[in-house]
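Scroll down for the structure; my scribbles are underneath it.
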Amino acid sequence: MPTITLPNGDKKNFEKPVSAAELAASIGSGLAKAAIGAKVDFGDGQGPQLRDLGALIDRDATVAIITAPKPGQAASADALYLMRHSAAHVMAEAIQDVVGKDVMLAYGPPTDTGFFYDMFVPAGKKLSTDHFAAIDKRMSEIIAENRPFVRYEVAPGEGMQKLKAEGNKYKVDNAERALGLPSTVYHGKKAAFAGVDSASTGGQAASGTGARLSFYATGSPGKNWEDLCRGPHVPSTGRIGAAKVMSLASSYWHGDETSDRLIRVYGTAFATQADLDEFLKQKEEAAKRDHRVIGRHLRLFHIDEDVGQGLILWTPKGSIVRKELQAFIAAELKKQGYTEVFTPHIGRLDLYKTSGHFPYYKDSQFAPIIEREALEQLSKEGCSCAEMMARVEGVSQRLAEGLNHRTGLTVITPDRVMADDKLIEGFMLKPMNCPHHAKIFASSPHSYRDMPVRLAEFGTVYRWEQSGELNGLTRVRGFTQDDAHLFCTEEQVPAEIQGCLSLVKTIFATLGMKEYRVRVGLRDPDSAKYTGAKEGWDKAEAACIEAARSLGVPFSQEPGEAAFYGPKIDFVVKDVIGREWQLGTVQVDYIMGNRFDLSYTGPDNKPHRPVVIHRAPFGSMERFCGVLIEHFAGAFPTWLSPEQVRVLPISDKSNEYAEKVAAALRAADVRVSSDLSNDRVQAKIKVAADEKVPYMAVVGPRDAEQGMVSVRARGVEKDLGAMKLEAFVEAVKAEIASKRAELGVRP
RNA sequence: GCCGCUGUAGCUCAGUGGUAGAGCGCACCCUUGGUAAGGGUGAGGUCACGGGUUCAAAUCCCGUCAGCGGCUCCA
C-alpha cells in the first residue's frame with residue numbers, strides 16, 4: 001500500500017492506490033481546488049514525472065502537487081507546461097472547427113514561451129492569419145465550456161486500427177514510434193524528432209512503460225474532440241488561464257526537408273489574462289529593441305542588396321560603436337600578453353586543404369576563386385564541371401602524404417590525390433583565421449620559454465550562410481571575429497582557458513551584461529569521432545569545467561557537444577529583456593598542431609606539438625554589436641555613443657557660444673555636435689532625445705554670460721541645472737574614461 | 001536552401017484596373033523662441049526588377065531579386 005512522501009518531507013500512508021487529486025484533497029481543500037497536476041517520482045530512476053491529477057499512485061512515491069498560481073504569484077514552469085500542453089489541444093480543436101475537420105494534426109508540444117501544433121492542411125483548404133480571430137474566439141468558448149480532459153487507454157492493436165481508420169498518417173506514425181515499432185508511413189532520413197521534448201502531444205503516445213496507447217478527449221470520449229496523446233493535461237479546459245494563437249510558420253514532418261511540409265501554428269497560454277497581456281507587451285518591447293529597426297533609425301549600419309545579402313556596411317555612427325568596442329577589447333588583450341597580427345582576407349586553397357576546411361566545409365564557404373588563366377585553359381580543354389570540381393578539390397601527393405603522416409590518420413583519401421599538373425590552383429575567402437595564424441606561428445622558431453604565443457586579430461571571415469538564415473547583424477556572410485589563437489604547452493592549457501574567461505567577465509561587467517551562462521561542450525563517451533589522445537582530452541575537459549566553475553555563473557556540461565578536435569566553452573548572454581544570445585566560444589584544439597606541423601623546442605631540446613586554443617569570446621563584432629544595440633535599445637553608455645554631447649543654442653543669438661562650447665568639448669576628445677537649426681529649443685531636445693544622445697548642453701545668453709551650460713541627461717525629462725563649462729567638460733571626460741554604464745554627469 | 005507573407009518618397013505607411021498620396025525627415029522663407037515637435041512654401045517616386053494579360057497595370061498572372069516569420073543548417 002503506497003506511502004507517499006510530500007515535498008516538505010511529510011509521509012502519508014494509504015490503504016489503496018490513490019489518485020493525485022485524492023492525495024491533494026487529503027492534504028487540504030485549498031490545495032485540492034488549486035491542483036492541476038502532479039509530479040510523481042516512483043524512485044525507479046526515471047526521476048519526477050508530470051502526471052494528470054487523475055493519475056493513480058499505486059506504490060511508494062514522492063509526489064508534488066502542481067497548482068495554478070495564487071493571484072499575484074508567478075506560475076510554476078510545470079503549471080505552465082500543463083496549461084500549454086492542454087491549450088495545444090484546445091487550439092487544434094478550434095482550428096478543426098474553423099478550418100475543417102480534414103486538417104490533419106501531426107505534432108504539438110509545449111515550448112519555452114507557449115506551444116505549437118504542426119498540421120497538414122489539405123489542398124484547397126487554407127489556414128491563414130485571417131482565421132486567427134475566429135480561432136481565438138473558438139478557443140475562448142472551449143475554455144469557457146470547461147470540458148474535462150479525459151484520458152483513456154486502449155490496447156495497441158485497437159488503437160492502431162482506430163488511428164488508421166481516421167486516415168491520419170502522422171498520428172499513425174506517432175503511435176508506431178511510441179510503441180517502438182518500425183514506421184510504416186514515414187521513410188525519411190530521421191528516425192525521431194530530434195531535440196524536442198519527449199512528453200509532447202503525440203510525440204510519445206505510450207503511457208508509461210505499459211505498451212498501451214493513450215488518448216485524451218476534451219469532454220466525453222466518442223462524443224467530443226480527442227487526440228492521441230501521452231499527456232499530461234490540466235483537469236479541464238477551464239483551468240487554462242488564457243490562451244492565444246500567435247503566428248504561422250512552416251515546418252517539415254520530422255524536421256526532414258525531404259518530407260511533407262506542414263503548417264506550424266504557434267500559440268501561447270498563461271495562468272491569467274494579465275500574464276498573457278504582460279507577455280504580449282514584452283514581445284512588443286522586444287520588437288522595439290530590434291537592432292535592425294534601431295540600426296536604421298540611428299543610422300548605425302546599412303545592408304544594401306546591390307552589395308549583397310548578409311554583408312554589413314558600417315556607417316560612420318555604427319563604426320564608432322564598433323571601433324570603441326574593439327579598442328576596449330584590444331586594450332584588455334594587451335594587458336593579458338596578447339600580440340596583435342594582421343592577415344589577408346584570402347588564402348591559397350592548399351592552406352585550407354591543410355587545415356581541413358576545404359572541401360570538408362565547402363557548403364558553408366564562398367566558392368573558390370580560380371585564377372583566370374586556369375579557367376580559360378580548362379574551358380578550352382572542354383573540362384566538365386564535375387571534373388573541374390574534382391581537380392579543385394584534389395590534393396598533391398606530397399601534401400597528402402605529409403598530412404596523413406602528421407595526423408596519423410587518413411585525412412586525405414587516395415581518391416583525392418592527384419598529379420600536380422591536374423590540380424587547379426585557387427584561392428579562398430577565409431572562413432576562419434586559424435590557418436593564417438598557424439602560419440605566423442610556424443614562421444619563427446619557438447622555445448618552451450616563449451610559450452604561450454598569443455596571436456590576436458580582429459579577423460574578417462566569410463561564410464556562405466543559407467539565405468533564409470541571414471538576419472540583420474546577428475547572422476551574416478562576412479564578419480569580423482575578435483579572434484585569437486593561443487599556442488601553448490599542454491600544461492598551460494588550464495591557465496590560458498582561465499585567462500579567456502576572465503576577459504569575458506571584465507567585458508560583460510563593463511557593459512552591464514550581468515546575466516550570462518556558459519556551456520561546456522564535452523565529448524560523447526560513446527562516440528569514436530573525436531581525435532587526439534584520451535589523456536589530453538580528460539585534462540582539457542577538466543580544465544574547461546574548472547574554468548567555467550570559477551566564473552561564478554551558471555554553467556552546464558553538455559556531452560557530445562565538443563568539436564571533434566577538442567572540448568569547448570560557449571558563452572550565452574541574457575539581454576535586459578531576458579532573451580538569450582549565443583556569442584563566442586573558447587575551443588581547445590589538439591589537431592591543428594599536427595596538420596600544420598607546428599612545434600616548439602622543449603626543455604629536452606626536442607620538438608613538441610603545441611596545443612592550440614581558439615577563442616573568439618564575443619563571436620563576431622557584427623553579432624556582438626547587434627546584441628548590444630538591443631541590450632541598450634540604442635541608448636549606449638557615453639563611452640560607446642556615436643555622439644556624446646549635443647549643444648543646443650536656444651536661438652541663433654547663442655550660436656557663437658554654442659560653437660565655443662562644442663570646440664571645448666571636441667578639444668577634450670568628446671564626440672560633440674551643435675544643433676544650429678532655427679527650431680525652438682523644445683524641438684531640438686525632442687530630436688536629440690530621439691537620437692539617444694547621452695547629454696544635451698542647452699545654452700542661451702544667460703549661460704554665455706557666465707560661461708555655463710544647462711545640462712540635460714538622456715532619460716531624465718527635465719533641466720538638471722547649469723554648471724561651468726570647464727566642469728562639464730571634465731565630468732564628461734571622466735565618465736568616458738571610466739566606461740561607466742550609467743549617465744552620471746550632474747551639475 | 002525550403003514554406004508562407006511582404007516590397008509604393010530618406011523613414012513609417014495609405015492607395016484592388018482609369019492622371020501617384022499622407023505624416024515625419026530634407027531645402028528655403030517667416031519666427032529669435034529657456035527645456036520633449038512654432039508657422040509657411042517647396043523639392044523628392046521607372047510604385048524592387050524583368051516578362052505577360054488588357055484599350056489601360058502600383059493594382060491581375062509568371063519569373064527574378066531582396067526583406068520578414070518559421071523550418072533546416074551553423075567549423
Side-chain angles (χ1 to χ4, degrees), chain A residues 116 118 121 126-130 189-190 194-195 246-266 287 290 292-293 296-299 302-310 352 355-358 360-365 431-435 461 463-472 474-477 481 562-566 568 582 585 587 589 591-592 614 616 619 623 648-655 677-690 696-703 710-712 714-722:
Chain A
F116 65 77
D118 283 349
V121 178
K126 215 186 144 191
L127 169 56
S128 78
T129 48
D130 296 343
K189 62 183 184 184
K190 303 216 173 157
M246 299 294 292
S247 62
L248 291 179
S250 88
S251 65
Y252 303 109
W253 191 24
H254 287 239
D256 171 1
E257 77 246 331
T258 61
S259 182
D260 297 8
R261 243 174 261 114
L262 305 171
I263 291 187
R264 175 167 296 181
V265 191
Y266 281 89
D290 190 318
R292 295 165 300 191
V293 175
R296 190 179 302 120
H297 182 227
L298 299 183
R299 302 202 184 268
H302 174 65
I303 299 169
D304 194 292
E305 60 175 276
D306 286 341
V307 174
Q309 290 181 287
Y352 301 102
S355 69
H357 291 117
F358 185 82
Y360 189 61
Y361 293 112
K362 68 178 172 185
D363 288 347
S364 48
Q365 291 164 176
M432 291 195 118
N433 299 305
C434 38
V461 298
R463 298 181 189 177
W464 186 262
E465 301 287 354
Q466 297 187 74
S467 61
E469 277 309 328
L470 300 169
N471 181 286
T474 58
R475 199 76 186 267
V476 294
R477 283 184 172 164
Q481 294 180 308
F564 68 90
Y565 49 73
K568 64 173 182 177
Q582 150 93 53
T585 67
Q587 305 187 350
D589 183 347
I591 291 298
M592 195 161 100
H614 306 247
R623 178 178 288 182
L648 311 182
I650 62 164
S651 80
D652 60 16
K653 285 180 186 146
S654 302
N655 280 1
S677 65
N678 64 355
D679 285 321
R680 303 193 328 162
V681 72
Q682 286 88 333
K684 294 181 185 183
I685 289 168
K686 171 75 162 63
V687 170
D690 261 7
M696 296 176 220
V698 178
V699 295
R702 222 155 56 206
D703 304 284
S710 298
V711 179
R712 282 185 71 116
R714 184 182 60 209
V716 186
E717 291 194 14
K718 61 173 189 194
D719 178 10
L720 294 169

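The figures here come from the full heavy-atom set of this structure, side chains too, leaving out hydrogens, waters and symmetry mates. All of these numbers come straight from a predicted model, not from anything done at the bench. By convention in this document, chain letters (A, B, ...) are assigned in the order of the sequence lines, proteins followed by strands, and residues within each chain are numbered from 1.
- Checked against B:rG38, B:rA75, B:rC73, the side chain of A:Ala683 finds its nearest nucleotide in B:rG38.
- When the nucleotides B:rC68, B:rA36, B:rU32 are ranked by their closest atom to the side chain of A:Arg292, B:rC68 comes out on top.
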Check: protein-nucleotides 45-49 of chain B nitrogen or oxygen pairs below 3.5 Å:
none

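- Distances from the side chain of A:Gln682 to the nucleotides B:rG34, B:rC71, B:rU35 place B:rU35 closest.
- Taking NZ from A:Lys362 and NE2 from A:His357, the interatomic distance works out to 15.5 Å, rounded to the nearest 0.5 Å.
- Between the side chain of A:Arg623 and the main chain of A:Thr474, a donor-acceptor pair closer than 3.5 Å is present.
- A:Asp719 pairs by the salt bridge (Lys or Arg N to Asp or Glu O under 4.0 Å) definition with nothing, not counting sequence neighbours.
- Side-chain proximity of A:Ile685 to the nucleotides B:rA75, B:rG1, B:rA36 is greatest for B:rA36.
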Distances for protein N/O vs nucleotides 28-31 of chain B N/O pairs under 3.5 angstrom?
{"unit_1": "B:rC30", "atom_1": "N4", "unit_2": "A:Asn678", "atom_2": "ND2", "d": "2.8"}
{"unit_1": "B:rU31", "atom_1": "O4", "unit_2": "A:Asn678", "atom_2": "ND2", "d": "2.9"}

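- Each of B:rG10, B:rA75, B:rC71 was ranked by its minimum atom distance to the side chain of A:Ser251; first place goes to B:rC71.
- Ranking B:rG70, B:rU35, B:rG34 by closeness to the A:Tyr266 side chain, first place goes to B:rG70.
- Here the nucleotide nearest the side chain of A:Arg264, chosen from B:rU35, B:rA75, B:rC71, is B:rC71.
- With distances taken from any side-chain atom of A:Gln365 to the nucleotides B:rU35, B:rA75, B:rA66, the minimum falls on B:rA75.
- Taking 3.5 Å as the limit, the base of B:rG1 and the side chain of A:Tyr252 contain a donor-acceptor pair of atoms between them.
- Listed nucleotides: B:rC73, B:rG70, B:rG34. Nearest to the side chain of A:Arg475: B:rC73.
- With a cut-off of 3.5 Å on both pairing distances, the Watson-Crick or G-U wobble partner of B:rG50 is B:rC62.
- Side-chain to base pairing of A:Ser710 with B:rG34: one donor and one acceptor N or O lie within less than 3.5 Å of each other.
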